[in-house]
Amino acid sequence: RDWHVMAAVFRTSLLGVVRAGKHVAACVRLPMTVRFASVGTDAVMYPTDRIRNIGISAHIDSGKTTLTERVLFYTGKIKEMHEVKGKDEVGATMDSMELEREKGITIQSAATFTTWKDHNINIIDTPGHVDFTIEVERALRVLDGAVLVLCSVGGVQSQTLTVNRQMRRYNVPCIAFINKLDRPGANPLRVVDQLKAKLLHNAAVIQLPIGVESNLKGIVDVITRKAHYFEGENGTTIREEAVPADMVAQVDEAREKLLEALSMADDEFAHQYLEHGVNEEQIHQAIRKNTMKRAFTPVMMGSALKNTGVQLLLDGVVKYLPTPKDVPYDALDMADNNVKVPLTVDAPDQNPFVGLAFKIERGPFGQLTYMRTYQGTLRRGDYIHNMRDGKKVKVQRVVRMHANQMVDVKEVNAGEICAMFGVDCNSSDTFTDGKLKVVMQSMHVPDPVLSVAMKPKLPKDLEVFAKAIARFQKQDPTFRVHTDDESKETIVSGMGELHLEIYQEIMSREYNCPTVSGKPKVAFRETITRKADFDYTHKKQSGGAGQFGRVIGTLQPAESPMQNNFSDKTVGQNVPQTFIPSIEKGFLESCQRGPLTGHPMQGVEFILRDGATHIVDSNDLSFRMAAIGAVRQAMTNAGPIVLEPVMSVEVSAPEEYQGSLVSIINKRKGSVVGTDAKEGYATIQAQVPLNDMFGFSSELRANTQGKGEFTMEYLEHRPVLPNAQAEMVAAYEKKRQEGSK
């Protein structure tokens with residue numbers, strides 16, 4: 001049916017229910033990820049220089065979603081503000097999933113668009129929990145700028161470090177916003193020092209608070225030397241006054257530090273400042289110029305919950321963050337991936353379309369694909385080509401997202417973020433008009449760190465379970481599934497316990513498929529510690545043509561501890577080039593299962609130096625089997641060891657529990673790498689094996705009377721203790737022997 005007819009019928013039905021005085025929610029039960037459109041006029045199109053594509057990113061519980069809610073309210077996008085966790089039975093606009101409102105955390109990134117002072121701002125609110133870091137990764141991949149939110153009490157925390165690395169990876173400039181100035185223990189200047197020391201930002205405040213904690217009254221602009229007070233209902237009225245007399249010296253000092261930081265980043269500005277002095281406009285221009293180069297980070301502040309400073313932050317986004325035109329983007333030529341093809345947002349009607357599908361999810365009318373347009377124009381009814389598989393598809397519908405609502409548009413130009421319905425594709429697929437054969441660089445996808453065996457509780461749900469698993473794999477690159485060769489169990493892997501728990505919840509609620517899971521399995525790896533030579537001959541004769549392949553070379557630790565490398569250093573024709581791919585295939589195949597515990601091998605390099613062939617018996621299979629045998633032969637002399645994932649853990653609790661925190665970390669074979677005590681709270685940074693972190697949350701609560709909290713993220717793989725390795729090897733051997741009976 002025609003979409004507009006369906007939407008009109010649906011809207012009329014809901015209106016009738018409301019008039020009847022009944023709760024809509026009681027009559028209409030929608031799956032938590034279903035998106036439905038608000039039928040209306042097309043969204044206004046803005047020129048490129050008045051577009052900002054920004055993300056709001058931070059450590060968990062820094063106030064990102066609350067800040068986004070205030071941004072939408074002050075820009076007129078929503079009429080009422082609601083709180084996270086749905087305390088008023090409504091919940092924040094951007095937390096549209098039922099699970100998000102129940103748990104009070106952001107699980108999936110949510111997109112919206114709004115306007116501020118005649119500028120269009122596309123916003124993506126991202127999760128702060130490390131388990132959902134892929135949502136931050138793909139958002140930052142397509143954004144031009146970001147707001148890095150920091151808690152005025154917690155400061156720079158573990159996930160802040162991760163987000164900062166992601167911004168650096170994609171060269172995304174940011175404004176720092178120190179939130180929660182109303183909290184007890186708020187100390188924004190200490191957070192600025194952490195920005196410099198821990199994140200290595202050339203940062204300086206451009207605002208100062210008028211009071212902190214319960215005495216927070218307003219914000220002073222260091223550049224204009226004006227005090228701003230947020231009055232009226234919800235802080236919508238801003239009153240400007242002179243700087244309070246007791247803050248004049250502090251503001252002057254902060255202004256000097258700002259000018260010094262800008263001078264360090266910009267020689268031209270330094271010359272102007274030292275020789276002639278600078279005015280307000282020149283300061284704003286220098287901040288914008290050096291923020292876009294990531295040479296300077298302006299620090300703004302406020303309290304989203306107390307409706308303080310948000311409008312000034314919006315001014316900063318418009319003034320300092322780049323437009324799509326300011327950011328140079330390149331695509332890779334499909335004929336030669338080493339050749340970069342520059343893209344332009346200018347003249348969209350004259351340039352071929354290029355866009356990147358950065359996120360997909362299920363909608364009521366098929367797959368919903370989020371798209372960033374980099375060049376040209378995407379119109380409803382156009383045919384576009386998927387560069388991954390060459391398929392030509394018709395764009396049936398183009399929308400702009402506002403959390404769980406959609407606004408239909410006829411077209412979107414380069415530099416915009418939109419969504420399409422009815423296009424079957426994968427995340428990170430590049431689309432063009434078919435004339436330009438290019439692909440966008442894909443995003444970084446971290447490897448899963450935790451695995452569990454999972455199956456439906458009822459055998460009759462196997463088909464539904466398979467459908468759900470297939471959907472999750474398509475939507476989330478960090479969600480992996482495989483079948484264990486020995487047990488035949490379905491093993492699902494993800495970024496942590498919460499990550500996998502959420503998918504179990506979704507299966508239960510959306511698919512009515514309750515599941516049961518086994519004990520979590522850690523992603524152990526195997527590697528080698530020294531060089532070992534091999535000379536292996538695979539020979540098999542069974543009548544007629546047989547098999548023969550000989551390989552000579554070295555197995556050694558690779559330069560990258562996370563990758564396996566194959567190097568062909570043969571000279572002459574002892575091993576024909578036609579068999580080299582088979583030898584590499586055999587090496588990589590043998591890396592899938594290590595000799596000690598059966599876990600995959602990593603950080604191994606296979607160097608092929610020589611070999612031999614038989615004129616009749618040599619073939620691809622012979623050399624593949626020879627490579628497998630060579631790895632098995634060399635591993636006995638290469639010092640194989642087992643690696644385990646180690647997590648960077650940050651634990652905080654009141655100071656009186658500091659001894660307990662250290663004790664439970666030591667008990668779990670962790671090592672404390674740093675401690676910090678401030679305002680009655682102790683924070684401990686530690687490195688703990690993931691295998692010893694299960695049940696940590698319960699033990700932490702029990703030892704701190706529920707006052708402790710922790711976060712963790714993957715750090716690296718490290719060798720397990722010798723006694724632990726011996727136990728693992730023995731258990732693996734026992735399992736193999738039992739399986740062979």
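- Side-chain N/O atoms of Thr675 and Gln685 include no donor and acceptor closer than 3.5 Å.
- Here Glu733 does not pair with Lys735 in a salt bridge; the nearest charged N to carboxylate O distance is not below 4.0 Å.
- Taking CD1 of Ile583 as the start and CE of Met625 as the end, the distance is 13.5 Å to the nearest 0.5 Å.
- Looking at Arg718 and Gln687, their side chains do bring a donor and an acceptor atom within 3.5 Å of each other.
- Ion pairing of Glu526 with Arg593 is absent here, as no side-chain N (NZ or NE/NH1/NH2) approaches a carboxylate O to less than 4.0 Å.
- Ser427 places a side-chain N or O within donor-acceptor distance of the main-chain N or O of Phe358, the cut-off being under 3.5 Å.
- The CD1 atom of Ile360 sits 10.0 Å away from atom CG of Leu368, with the distance rounded to the nearest 0.5 Å.
- Between the CD atom of Gln725 and the CD1 atom of Ile641 there is a distance of 7.0 Å, given to the nearest 0.5 Å.
- In this structure, a donor-acceptor pair under 3.5 Å is present between the side chains of Gln504 and Thr515.
- No salt bridge links Lys669 with Glu644; every basic N to acidic carboxylate O contact stays at or beyond 4.0 Å.
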For Glu489 and Lys455, run salt bridge (Lys or Arg N to Asp or Glu O under 4.0 Å): C-alpha distance rounded to whole Å, both residues' side-chain angles, the deciding distance at 0.1 Å, then the answer. CA-CA 8 Å; Glu489 293 179 309; Lys455 64 179 181 180; over 6 Å; no

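- Distance check: Lys457 NZ to Asp461 CG gives 10.5 Å after rounding to the nearest 0.5 Å.
- Heavy-atom neighbours of Asn723 CG from other residues, nucleotides or ligands within 6.0 Å: above the threshold of 12.
- No side-chain N or O of Gln556 forms a donor-acceptor pair with one of Thr554 less than 3.5 Å apart.
- Nearest heavy-atom pair across Ala176 and Leu195 is CB-CD1, 3.8 Å.
- Side chain of Thr636 to main chain of Gln633: a donor-acceptor pair is present (N/O by atom type, distance under 3.5 Å, no hydrogens or angles).
- Arg509 has a carboxylate O that lies under 4.0 Å from a charged side-chain N of Glu505, or vice versa, which qualifies the two as a salt bridge.
- Ion pairing between a basic and an acidic side chain is recognised when a charged N comes within 4.0 Å of a carboxylate O; Arg668 and Glu699 show such pairing.
- In this structure, the separation between CG on Leu700 and OH on Tyr657 is 11.0 Å, given to the nearest 0.5 Å.
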Intermediate values then yes/no, side chain to side chain contact (heavy atoms under 4.5 Å, CB included), Val156 and Leu199: CA-CA 8 Å; Val156 173; Leu199 302 186; 3.9 Å; yes

So Lys474 and Glu361, salt bridge (Lys or Arg N to Asp or Glu O under 4.0 Å) or not? Walk me through it. CA-CA 9 Å; Lys474 195 172 184 180; Glu361 64 180 53; over 6 Å; no

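- For the side chain to side chain contact (heavy atoms under 4.5 Å, CB included) test, residues two or more places apart in sequence or in another chain that qualify with Lys467 are Glu463.
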Working for side chain to side chain donor-acceptor pair (under 3.5 Å), residues Tyr503 and Asp476: CA-CA 11 Å; Tyr503 279 122; Asp476 185 351; 2.8 Å; yes

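- Using a distance-only test at 3.5 Å, with no hydrogens or angles considered, no donor-acceptor pair links the side chain of Arg138 to the main chain of Ala357.
- Distance alone, capped at 3.5 Å, places no donor-acceptor pair between the Asn164 side chain and the Thr160 backbone.
- To the nearest 0.5 Å, atom OG of residue Ser590 and atom CG of residue Asn564 are 8.5 Å apart.
- Under 3.5 Å, the side chains of Thr683 and Ser652 contain no donor-acceptor pair of N or O atoms.
- Annotation for Thr126 and Ser57: closest pair OG1-OG, 3.2 Å, computed over non-hydrogen atoms.
- For Lys359 and Gln475, the side-chain atoms include no donor-acceptor pair closer than 3.5 Å.
- The pair Asp429-Arg388 meets the salt-bridge criterion, with a side-chain N (NZ, NE, NH1 or NH2) lying under 4.0 Å from an Asp/Glu carboxylate O.
- For Phe606 and Phe534, the ring centers sit closer than 6.0 Å to each other.
- Checking side-chain atoms of Arg141 against main-chain N and O of Gln441 turns up a donor-acceptor pair under 3.5 Å.
- Residues Thr527 and Gln602 approach most closely at OG1-O, 2.7 Å, considering heavy atoms.
- Here the side chain of Ser152 pairs a donor or acceptor atom with the backbone of Asn179 at under 3.5 angstrom.
- Donor-acceptor pairing under 3.5 Å is lacking for the side chains of Thr490 and Thr483.
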